[in-house]
Amino acid sequence: MFILNGVNLPNPNAYSQPTEVGGGYVTTLLGGTRRAIRYKKKTYTLEWSNLSVTDLANILSIYNLDTTVTFVNTDLSVNATVHIDVSDRVITPGLAEYSGQYSIILTEV
Amino acid sequence: MQNVNALIQSVTVASSRCPGVRASVCWDRSTQLTNWFRLDSSTLDSGDILTLTSYANGVEPNELISQMDSFIYEDESENLISAEGTSDLWGDNFQSALSEIDLTLDNTTQRYTPSTDKNLIENPSFESTNGWNVKNTQGTNGGYELVGEERGIVSGSKAILIKNLGSGALTSNYLYSDEYPIVSGQPYTTSFFAKGTGDLTVRAVCIASGTFAVSSGTSTYSLNSGAFQRFSVTSGMHPWARKVRLDFAIQATKIAVVDCVQFEKGNLTGYENDFIGDFVLPRRPSKVHITMLDKPDGAGGTVPNFVGLTETLENQFKNDVINIHAYDFGTELQEKPAVTPVSTGAVMFVNQRSDVLLRHLAEMGGLVSDDYSFDVGKNTVPFFWVQEGSVWFYMSNVAEAEGGRIFFDETGILNFWNRDHIDNNSDSKFNFTMKDHIADFSYRIDKNEISNHIIVKTSPREVQENQVIWTLDSPTEIKAGENKTFWATLDDPITAATKPIART
């Protein structure tokens with residue numbers, strides 16, 4: 001189950017949560033590899049092929065709060081405070097009225 | 001040279017590690033009493049932008065800041081975007097070193113922007129009971145009291161505890177503010193920190209005239225008994241309203257602790273986390289540490305990297321960052337004129353070792369013995385006097401004559417190395433290898449850096465028998481009982497002067 005700011009989201013058609021590592025690798029003169037890890041943070045991407053008007057309105061109302069919110073993914077035990085970015089909406093003719101492709105990117109604070 | 005403990009050494013050279021930076025500033029201490037101009041965010045849209053104000057929190061005019069560990073520092077690491085520091089050797093003999101550092105801090109919360117006059121509430125953080133009142137109809141079961149809470153930027157700051165241990169409701173027991181003028185019909189935002197038990201109800205009561213009052217709506221928050229939470233609500237003021245007061249009421253049988261109340265005009269989505277904008281000033285003690293852990297939140301520790309004073313603070317509104325430049329005390333002593341203290345009774349020091357002269361200079365600069373650590377000098381200076389130069393200028397000269405070095409170290413202590421210091425401290429602290437540690441290595445030989453012909457010009461002096469050192473240009477008549485003062489400018493320094501006697 002996906003919950004954004006207390007609102008249940010429909011299950012996405014695609015979901016990913018890659019980890020960004022702050023830091024870099026250094027190679028020594030004779031080939032040793034050293035790594036600095038300053039931080040790790042996750043980005044959660046949810047994509048829907050056909051998002052209903054109601055669900056879209058729910059997401060946009062949260063997005064328009066202009067603040068960080070809580071994101072929960074019960075399946076993967078995720079509970080994070082995130083910033084929200086939203087995609088452009090792509091409407092496919094012939095599908096249910098006004099439903100369309102949509103995605104959101106949630107970045108850990 | 002710092003001795004770094006074995007744990008930090010092992011973490012530093014490990015195959016994988018987590019380096020970081022910790023920056024802290026003592027915001028609430030200033031030292032120089034003067035006027036300055038401040039950019040006030042509350043006047044950005046109208047009226048004057050620059051406000052002439054007096055320098056806040058003066059301690060002593062022209063005081064040299066020392067004893068750095070005696071200050072209370074605020075850790076700003078959470079807002080730190082970048083830190084870049086340099087230490088440069090100065091002088092023909094590299095006899096001195098100066099350090100400086102540039103910090104860039106995130107200011108999206110406007111933490112570092114002055115906000116005077118933006119908050120309409122008097123005494124918003126409850127350091128006293130001024131401006132606040134209580135309606136209490138249930139005796140000892142209700143009321144309020146000031147309590148010490150670790151919120152606020154200054155240790156020892158207070159918050160207010162509101163209790164409603166009986167059955168009183170919002171209409172019979174509540175904390176309320178004095179009345180403050182507002183613009184009718186406009187939105188205003190109330191925000192505050194709170195913790196406690198039960199539900200806390202907040203309302204802004206609009207007052208038109210006399211006793212006519214109408215609530216702009218109530219908001220109720222479920223409190224956490226652990227950490228403080230920040231709550232915020234925006235409400236429109238009544239079209240007839242001329243003043244407003246804030247009410248805080250806690251649910252029956254519960255308590256609430258409230259701090260840092262902010263009531264300001266506008267529909268605000270954020271809030272100012274702490275009110276330190278007015279404290280963002282030059283000459284504030286600053287420290288930077290390098291942190292080295294084996295992994296985030298893992299084992300390791302910190303190593304001091306810089307101690308100094310803030311110099312310039314540039315608040316970039318478009319980028320929501322503030323750039324802070326800080327310098328070490330060497331730069332501070334460059335602005336401190338060297339004046340022979342009257343207490344020494346000497347205008348010239350004769351046959352003094354380098355470290356003894358440096359100690360005199362350190363005292364001229366206002367340092368105390370805990371602020372410096374000097375090697376015993378190898379050089380004895382026959383004659384030393386100060387004349388129109390800074391403390392740092394003369395310290396550098398003494399170090400140059402010694403062939404040594406003067407500098408403030410990473411902990412803010414003034415160090416003097418004599419000419420043999422490096423030879424006598426050449427034991428290895430750590431062995432770096434090209435396999436495990438060294439990423440690149442190069443060196444250069446340059447004919448311009450080789451000197452085979454050196455000319456030394458000296459101005460030798462020696463103590464003479466009594467000489468005439470100054471003569472009045474023309475006789476002056478002094479009447480009986482009259483005092484006259486003469487100022488003498490000498491061509492040469494003196495070790496001692498004979499007191500003039502009339503008619504001799």
Hey, could you give me the CG/CZ distance between B:L293 and A:R38, rounded to the nearest 0.5 Å? 12.0 Å
Return the minimal non-hydrogen interatomic distance between A:I37 and B:P19, and the atom names on each side. N-CD, 4.1 Å
Would you name the heavy atoms of A:R34 and B:V13 that are closest together and state the gap between them? NE-O, 4.0 Å
Between CG of A:L29 and CG of B:D436, what distance do you get to the nearest 0.5 Å? 11.5 Å
Around atom CG of A:D88, are there more than 12 heavy atoms of other residues, nucleotides or ligands at under 6.0 Å? no
Is the count of non-hydrogen atoms from other residues, nucleotides or ligands lying under 6.0 Å from A:Y25 atom OH greater than 12? no
Distance, nearest 0.5 Å, that separates SG of B:C18 from CZ of A:R35: 11.0 Å
Does a side-chain heavy-atom distance below 4.5 Å link A:T28 with B:I438? no
Against chain A, work out which of B:S16, B:S15, B:P296, B:A14 has the most heavy-atom pairs shorter than 4.5 Å and name it. B:S15
Above 12 or not: heavy atoms from other molecules or residues under 6.0 Å from CG of B:N431? no
Where A:V26 and B:A439 come nearest, the two heavy atoms and their spacing: CG1-CB, 3.7 Å
